[in-house]
Amino acid sequence: MSETPRNFIQQIIDADIASGKWGAPGDRSVVRTRFPPEPNGYLHIGHAKSINLNFGLAKEFGGKFYLRFDDTNPAKEEQEYVDSITHDVRWLGADWEGEHGAGLRYASNYFQQMYDWAEELVNKGLAYVCDLSPDEVSARRGTTTAPATSPFRDRAPDESLRLLREMRDGRHPEGSHSLRAKIDLASPNFNLRDPVMYRIVHAAHHNTGTAWHIYPMYDWAHGLEDSIEGVTHSICTLEFEDHRPLYDWFIDAINQGRTDDGSGPWGKKIHHPQQIEFAKFRPNYTVLSKRNLIRMVKDGIVRGWDDPRMPSIAGLRRRGYTPEALRDVALGVGTTKYESVIDLSRIENALRDDLNKRAPRRLAVLRPLKLTITNWHEHGDDARTEQMTLVNNPEDPAYGERSVPFSKHLFIERDDFMLDPPKKFFRLAPGAEVRLRGAYWVRCHDVVRDAEGNVSEVLCTYDPQTRGGSDPPPAPDGTKRKVKGTLHWVSAPHAIATEVRLFERLFSVESPGEATGNFVDDLNPDSLEVLTGCMLEPALAQRTHDEPAWPDEIRRFQFERLGYFCVDKDADARFGGSSSGNTLVLNRSVTLKDSFAKDVQKA
RNA sequence: AGGGGAUUGGUGUAAUGGUAGCACGACUGACUCUGACUCAGUUAGUCUAGGUUCGAAUCCUAGAUCCCCUGCCA
């Protein structure tokens, strides 16, 4: 057995395979899982956990994974969502059974089979047509001590069958009838108080058009979908735990009177999958409910479903998240029945870990401060440009090196200079010497101030002996010069001016809306900061003119000492035509860890 | 209230009657041409009260706290 801990679902499957519950004992390939979204919204990070779980299980056991749309309610579902979900699942790396996007499954493809089974239940006396309106059903639901009631419960099967067919044929208005399972009106589990199986809906369905006037309810449909597809382990979230008796009841009802070999009046037994529930993924500092996400989009709190601050898959993708990071998060938090809270920082760390290994390094200055090398002419003319060689990724030599121009006029980060620095400030200050990453050591000897007296330019001398950023030779007496700080920089005449968007968490409290009842009250007003006039090294703009749609693998970078950034789709749009400008748009995916900032905060 | 679930360091997760372990975080330190990365060390836990047992996170009893359920949504 594997040394890594097995989660409770893996343990169930291990036992099923050992016992031969779904096939020959020991045959792992019988495992079938599925991800069954309703196409009524966009996927979010919680779905990513479910997708990774279901897909991961099928992959681990050598079984099959299906992507199935649970499209049983035409009133809420749209093709747009089918498309976005399909795209997101593929992006997450979950290959569903079937080639190149074929093999998609739809509950609506099984409507006829489901309907046939419904007639069977009517004939068996296990379902009946009820003429109560939705309000009346609700009013007659009963209480924990009093049972529900329906005057139509004992309707003759023949009459129910006639009415059901009329419902199917569109001869009754919405709400006038429903098909109900005859289970137990007194059950303490209200899901069993004769649940509705079919309701009348006169609406066009994105897949079946106007073929149907009745649509199956989730509880009736879901187990049948799983059964038809041969799903072995139907994994869902905790709130469906008290639906499981229903899930089992419906399949048992169909199998009532059926036989293993198909002999007898009702034919062969159908497959009975096992429903297993696990806890949802719940990160702090965000909201995940579909209702709230829709509201944020509709009310303009964010700029759409793919706003980089959104926890939607589309938002995370645009923010610069990788499928690998999301998979690592899902793996890391495990699969249990305990409703844990996932620290947002854990998700950020997963991204850092992934991008640290894979993101090419670049130099960029977000808030530029001029730095001029006043002795540049002593070793050539003032206009001289030197090419510095920097490694693209210290974590992986395969990324190679690049050339970065260096000249008399530079930009450094405004935060990297202080007139009156506190102790342990390893950066630039009057009289201090620092290394410019991969270039030269410079020492500040003066500053230029603007009309308000603020520092507008730092004047430095450089040491030609430190080319490439290397240590200078020791002094004649053997002492070595040291610098504590290394700064990032950009050569001013070569710099590319860009827009950079910085994001913070969308909410300022861990559980938005918990205290006030309205999550909008807890919005972080500073969740978006747009910087213009940021300066990038020229390597970042090399492809912008002839290749507007950057291939995904080169869209993400680490700006040294700042964080991970990715090219936003707005940049692609701007280069869609014969654009002549060099304006890129970048998103900060996540900052680098910053222990100095943390120390400052504590002090 | 009735029904269904859950509870192990700050967070997440193992241990399935036999040494409470791992990861993340935090804190120390080392290293470093990114105050990043990496490395080393430290920190801290079985919801409570009883019981069974040589031995309990695990089994039993009682309690506490939290989540879900009374849509013709999924």
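Naming: A, B, ... by sequence-line order, numbering from 1 per chain.
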Q: In plain terms, say whether A/R358 and A/E395 are close enough for a salt bridge, that is, a side-chain N and a carboxylate O under 4.0 Å apart.
A: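 No.
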Q: Starting at the 5' end of nucleotides 68-74 of chain B, put B wherever the base has a protein heavy atom under 4.0 Å, S where only the sugar-phosphate does, and a dash everywhere else.
A: SSBSBBB
Q: For RNA chain B, just give me the dot-bracket, please: Watson-Crick or G-U, both distances below 3.5 Å, ( ) intra-strand, [ ] crossing earlier pairs, | paired with another strand, . unpaired.
A: .((((((..((((....[..))))((((((.......))))))...(((((..]....))))))))))).....
Q: Stacking between A/F426 and the base of B/G35 (centre distance under 5.5 Å, interplanar angle under 30°)?
A: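 So A/F426 counts as stacking on the base.
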Q: Is it true that a side-chain atom of A/Q10 and a backbone atom of A/R6 form a donor plus acceptor pair closer than 3.5 Å?
A: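 It does not hold such a pair.
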Q: How far does the P atom of B/U43 sit from the matching atom of B/G21, given to the nearest Å?
A: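 Pairwise P distance, B/U43 against B/G21, rounds to 12 Å.
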Q: Starting at atom CG of A/D599, determine the distance to atom C1' of B/A26, rounded to an integer number of angstrom.
A: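 It works out to 13 Å between those atoms.
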Q: Can you check the distance between B/U13 and B/A20, where both ends of the measurement are the C1' atom (answer in whole Å)?
A: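 Pairwise C1' distance, B/U13 against B/A20, rounds to 13 Å.
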Q: Report which part of the nucleic acid A/R193 touches: base, sugar-phosphate, or nothing (heavy-atom distance under 4.0 Å, all strands).
A: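 Contact class for A/R193: none.
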Q: Could you state the atom-to-atom distance from CD of A/E413 to C1' of B/G35 in whole Å?
A: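 Atom CD in A/E413 sits about 14 Å away from atom C1' in B/G35.
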Q: Quick check: does any side chain N or O of A/R199 sit under 3.5 Å from a backbone N or O of A/H177, one acting as donor and the other as acceptor?
A: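 Looks like no, no N/O pair under 3.5 Å.
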Q: Specify the separation, in whole Å, of atom CG of A/D354 and atom P of B/C37.
A: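 Rounding to the nearest Å, CG of A/D354 and P of B/C37 are 15 Å apart.
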Q: When you measure only distances, ignoring hydrogens and angles, does the side chain of A/R244 come within 3.5 Å of the base of B/G4 through a donor and an acceptor?
A: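 Per atom types, no contact qualifies.
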Q: Students often get this wrong, so: under 4.0 angstrom with heavy atoms, is A/G332 touching a base, only sugar-phosphate, or nothing?
A: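 It contacts sugar-phosphate atoms only.
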Q: Using whole Å, report how far CG of A/L562 lies from C1' of B/C37.
A: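 Taking atom C1' of B/C37 as the reference, CG of A/L562 is at 16 Å.
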Q: Could you measure between the two C1' atoms, the one in B/A57 and the one in B/G17, and give it in whole Å?
A: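 Result for the C1' pair: 11 Å, nearest Å.
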Q: Using only side-chain N and O atoms of A/Q11, determine if any of them is under 4.0 Å from OP1 or OP2 of B/A14.
A: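 Answer is no, no contact under 4.0 Å.
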Q: What integer distance in Å separates A/N393:CG from B/U34:C1'?
A: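 That distance rounds to 12 Å.
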Q: Could you work out the separation of B/G51 and B/A44 based on their P atoms and round it to a whole Å?
A: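 Going atom to atom, P in each nucleotide, I get 29 Å.
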Q: Would you mind telling me which residue lines up with the more 5' stretch of RNA chain B, A/D353 or A/F8, judged by nearest nucleotide?
A: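 Upstream on the strand: A/F8.
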Q: For A/A359 and A/F557, which heavy atoms make the closest approach, and how far apart are they?
A: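 Result for this residue pair: CB-C, 3.9 Å.
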Q: Give every residue pair that meets the salt bridge (Lys or Arg N to Asp or Glu O under 4.0 Å) criterion with at least one member in residues 276-292 of chain A, sequence neighbours excluded.
A: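 Listed by first then second residue: A/E239-A/K280, A/R244-A/E277, A/E277-A/K337.
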Q: Just to confirm, is there a sub-4.0 Å distance from OP1 or OP2 of B/A36 to any side-chain nitrogen or oxygen of A/S595?
A: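 Checking B/A36 against A/S595, a side-chain N or O does come within under 4.0 Å of OP1 or OP2.
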Q: Pick the P atom in B/A15 and in B/A64, then give their distance to the nearest Å.
A: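 After rounding to an integer number of Å, I get 29 Å for this pair.
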Q: For A/R105, is there an ion pair with A/E225 - N to carboxylate O distance below 4.0 angstrom?
A: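 A salt bridge is absent here (no side-chain N lies under 4.0 Å from a carboxylate O).
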Q: Check salt bridge (Lys or Arg N to Asp or Glu O under 4.0 Å) between A/R180 and all other residues, then give those that pass, not counting sequence neighbours.
A: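 A/R180 satisfies salt bridge (Lys or Arg N to Asp or Glu O under 4.0 Å) with no other residue.
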Q: Which pairs with one or both residues in residues 329-354 of chain A pass ring pair (Phe, Tyr, Trp, His ring centres under 6.0 Å), sequence neighbours excluded?
A: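 Every candidate ring pair (Phe, Tyr, Trp, His ring centres under 6.0 Å) pair involving residues 329-354 of chain A fails, so no pair, neighbours aside, qualifies.
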Q: Under 4.0 Å between any heavy atoms, over every strand shown, what does A/F278 touch: base, sugar-phosphate, or nothing? Just pick one.
A: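 No contact.
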Q: Which part of the nucleic acid, if any, lies within reach of A/K598 when heavy atoms closer than 4.0 Å are counted: base, sugar-phosphate only, or nothing?
A: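 Sugar-phosphate contact only - A/K598 comes under 4.0 Å of backbone atoms but never of a base.
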Q: Are the side chain of A/N189 and the backbone of A/D242 linked by a donor-acceptor contact shorter than 3.5 Å?
A: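 Flag set: sc A/N189 to bb A/D242 pair under 3.5 Å.
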Q: Select base, sugar-phosphate, or nothing to describe what A/R361 touches, counting heavy atoms under 4.0 Å on all strands.
A: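 Result for A/R361 = base.
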Q: Given B/U34, B/U13, B/G35, which nucleotide is nearest the side-chain atoms of A/T336?
A: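 Ranking B/U34, B/U13, B/G35 by closest atom to the A/T336 side chain puts B/U13 first.
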Q: Under a 3.5 Å distance rule, please check whether A/N284 uses its side chain to pair with a backbone N or O of A/L344 as donor and acceptor.
A: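 Side chain of A/N284 to backbone of A/L344: a pair is present.
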Q: Working to the nearest 0.5 Å, report the span between CG of A/D184 and CG of A/N191.
A: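 Here the interatomic distance stands at 12.0 Å.
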Q: Could you state the atom-to-atom distance from CG of A/L192 to C1' of B/G4 in whole Å?
A: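 To the nearest whole Å, that distance equals 12 Å.
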Q: I want to check one thing: is the phosphate of B/U34, taken as OP1 and OP2, less than 4.0 Å away from some side-chain N or O of A/K593?
A: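 No.
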Q: Taking the C1' atom in each of B/U61 and B/A23, what is the distance between them to the nearest angstrom?
A: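 Their C1' atoms lie roughly 36 Å apart.
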Q: For B/G12, is chi within 90° of 0 (syn) or not (anti)?
A: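 Anti for B/G12; the angle lies over 90° from 0.
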Q: For A/E560 and for A/D343, locate the closest nucleotide of RNA chain B by heavy-atom distance; then report the residue assigned to the nucleotide nearer the 5' terminus.
A: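 Looking at the nearest nucleotide for each, A/D343 comes out on the 5' side.
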Q: For atom P, what is the distance between B/C59 and B/G18, given to the nearest Å?
A: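 To the nearest whole Å, 11 Å.
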Q: For A/I347 and B/A23, give me the distance from atom CD1 to atom P, rounded to whole Å.
A: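 To the nearest whole Å, that distance equals 21 Å.
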Q: Once salt bridge (Lys or Arg N to Asp or Glu O under 4.0 Å) is applied, do any residues pair with A/D471, and if so which ones, sequence neighbours excluded?
A: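 A/D471: salt bridge (Lys or Arg N to Asp or Glu O under 4.0 Å) contacts with A/R435.
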Q: CD of A/E510 versus C1' of B/U11: gap in Å, rounded?
A: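 Result: 10 Å.
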Q: Please give the distance between the C1' atoms of B/C69 and B/A14 as a whole number of Å.
A: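 Approximately 31 Å lies between the C1' atom of B/C69 and that of B/A14.
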